[in-house]
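Report on the following structure.
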Amino acid sequence: MSSTESKNFDAIVVGAGFAGMYLVHRLRNMGFSVRCIESASDVGGTWYWNRYPGARCDVPSLEYSFKFDEQLQQDWQWPERYSAQPEILEYAKHVADRFDLRKDITFNTQVESAHYDEDGMQWKVATNKGENLTAQFCIMASGALSSTNYPNIKGLKSFKGEMHHTGAWPQDKKVDFSGKRVGIIGTGSSGIQAIPMLAEQAEHLHVFQRTAQYAIPSRNKPMDKKEEREVKANYKAFRDKIYRLPGAVLRPENVKSVTEAGPEETEEILEKAWARGGTGFLRAFSDLMENAEKNAVASDFAKKKMGEIVQDPEILKKLMPDYSIGCKRIVLDTNYFQTYNRDNVTLVDVKDHPIDEITEKGIITNGIEYELDCIIFATGYDAMTGALTRIDIRGRNRATVKETWKDGPQAFMGMAVNGFPNMFTICGPGSPSVLSNVITHIEQNVEWISDCMSHMRDNGKNCIEVTRESEMEWSAHVAELGDASLFAQCNSWYVGANIPGKPRVFLAYAGGFPAYTDKCDDIASNGYAEFNQVS
Ligand code: NA7
């Protein structure tokens, strides 16, 4: 498209990750014209950017994949139980080829602004390439964990060595750590996946840890061919079953309360869950996430396991979390704690002595300068809202999303925001998204949104906007469930605590995927009564 050309579409989609890709496919099949804008050079979203060593999904591949096309799910073969980033990216590219998606995606282009034209009842979108597009609908498929967070550390730009963020890893070259002194800041999911791999390559690895983390062994393994055959023999029933589970992920559920089991049985159940590995550990009992007291049984067990691995008692002390397991997003690991037994790894605790400064040569904390050749920021994201507040999005009365959400995000079902007519968000605040199997969630959101657009077309409606009352009611419900959960008690990105100045609001819907989808279905069957619709 030439830079001065103005083009009109039924929908503009921002982002060509899994959400954007499925939107292009479905909207096109429903007869809508669509243009997707993507800043990367290809599809894949999260899996395009997160190429750091060790990047891997913690939802099993047979579940973390599209179900909308039977032949696709039959044809694709996943090599491992939990797929590594390269396989997931290959899958995304395959989907793009298979459904010829790229022809409706503009790559290497950023959306700079999206402004709603109230009179024309359409969105005006401008890109950094000087393109001006208009569309009735603007759909933000820009990701819940895509807006990278670089901590505001003094001197950050003065470092003379290499710096990389795990969520914006170089695309065009393999980063070589051999013979290098590497520092990594952050021990969340990304850090814990990268650390064992970096330690194998680097001359020396310094891990700068602010908050100690729990990690459960993933027990990743090659795909069990028998299991794959069984799933594929009746994939629909398998997907339907998952769809009705709280996190849209298959986990061995124990219906027993932790209070019902004696000490021996408790130990036996936890041992079994630990040996199985995976996030299902938190469901070893039905109520581990109910309160800190019940949770302590699992937390203490996980700490005992760390103690069996880490040899140095001083290091072990630093690695011990002081909060409930699962309160921060649970992390799966492969040889994470074992890494601290290596001679070329140093754990630097920056909790009591935060990083003072980054200098030309390295990192200073507690009066010591650690000289480094490379610094890796595994410092996470401005979760769930960052991708929306960083773009100049203006709705009615030219109000921006950023200003509208200054006291915390308010949204309806994570898909609509009052004041922003004809705008939809995928996996936005107030949706279960990050607490669930995100691909399943994405498919549900895409189908709900495209059905809503179809409803409008069939009923001659030009504009749809969620009422403030519906949005407030849903947001209050989200907050009530979130505040009552253990999640709200830790400083994590779930509550925006990782971003200085971000209002502390529990961002996801903790009522489970089935309750969420039931409510979405009710809204659609009632003709979208929670929305004002204008002809
Ligand atoms: P996370 O889970 O947000 O982890 C970020 C880590 O970076 C975490 O350990 C932070 O410590 C640490 N951090 C952030 N800022 C600093 C500063 N200034 N100093 C020291 N340490 C810092 O991000 P991930 O990328 O690992 O994972 C995000 C999600 O992506 C993950 O949960 C999956 O859903 C996929 P903190 O804990 O805040 O003290």
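Atoms within a ligand are numbered from 1 in the order they appear, just like the ligands themselves. The first residue in the sequence is number 1, and the count goes up from there.
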Discussion item. If you take the nearest heavy atom of each of Pro354, Ala378, Ala144, which one is closest to atom 5 (C) of ligand 1?
Written reply: Ala378

Worksheet item: Purely on distance, is any nitrogen or oxygen of Ser189 under 3.5 Å from one on ligand 1?
Response: yes

Worksheet item: Less than 3.5 Å between some nitrogen or oxygen of Asn149 and one of ligand 1, yes or no?
Response: no

Worksheet item: Looking at atom 4 (O) of ligand 1, what's its closest protein heavy atom, distance included?
Response: Gly188 CA, 3.5 Å

Worksheet item: Are the side chain of Tyr64 and the backbone N or O of Val249 linked by a donor-acceptor pair below 3.5 Å?
Response: no

Worksheet entry | Element-labelled atoms of ligand 1 that are located less than 4.0 Å from some non-hydrogen atom of Gly380 | 3 (O), 5 (C), 23 (O), 25 (O)

Practice prompt. Below 4.0 angstrom from a heavy atom of Arg329, which ligand 1 atoms are there? Numbered from 1 as shown, please.
Written response: 31 (C), 32 (O), 33 (C), 34 (O)

Practice prompt. Run the numbers for me: atoms of ligand 1, each under 4.0 Å from some heavy atom of Leu145, listed by number.
Written response: 29 (C), 30 (O), 34 (O)

Practice prompt. Give a yes/no verdict on a cation-pi contact between Arg51 and Tyr48, requiring under 6.0 Å between NZ or CZ and the six-membered ring centre and an angle within 45° of the axis.
Written response: yes

Item to complete: Mark up the atoms of ligand 1 that fall under 4.0 Å of a heavy atom belonging to Ser190, in ascending order.
Response: 24 (P), 25 (O), 26 (O), 27 (O)

Worksheet item: Under the ring-ring contact (aromatic ring centres under 6.0 Å, His included) criterion, do His165 and Tyr150 qualify, and how do the steps go?
Response: CA-CA 8 Å; His165 192 290; Tyr150 280 91; 5.0 Å; yes

Discussion item. Heavy-atom contact check, 4.0 Å cutoff: does Phe208 meet ligand 1?
Written reply: no

Practice prompt. Below 4.0 angstrom from a heavy atom of Pro151, which ligand 1 atoms are there? Numbered from 1 as shown, please.
Written response: 18 (N)

Worksheet entry | Close side-chain approach of Tyr22 to Ile439, heavy-atom, < 4.5 Å | no

Discussion item. Between Lys318 and Asp349 (salt bridge meaning N to carboxylate O under 4.0 Å), is one present in this structure?
Written reply: no

Worksheet, complete the sentence: heavy-atom search around atom 20 (C) of ligand 1 in the protein gives Ile185 CG2, 3.5 Å

Worksheet item: So, for Trp76 and Phe66, is the gap between ring centers shorter than 6.0 Å?
Response: no

Discussion item. I'd like the name of whichever of Gln209, Arg210, Lys351 reaches closest to atom 16 (C) of ligand 1 through any heavy atom.
Written reply: Arg210

Worksheet entry | Side-chain donor-acceptor pair present, Glu80, Asn220, cut-off under 3.5 Å | yes

Worksheet item: Would you say the side-chain atoms of Asn50 and Thr46 include a donor-acceptor pair closer than 3.5 Å?
Response: no

Practice prompt. Check whether any heavy atom of Lys328 sits under 4.0 Å from an atom of ligand 1.
Written response: yes

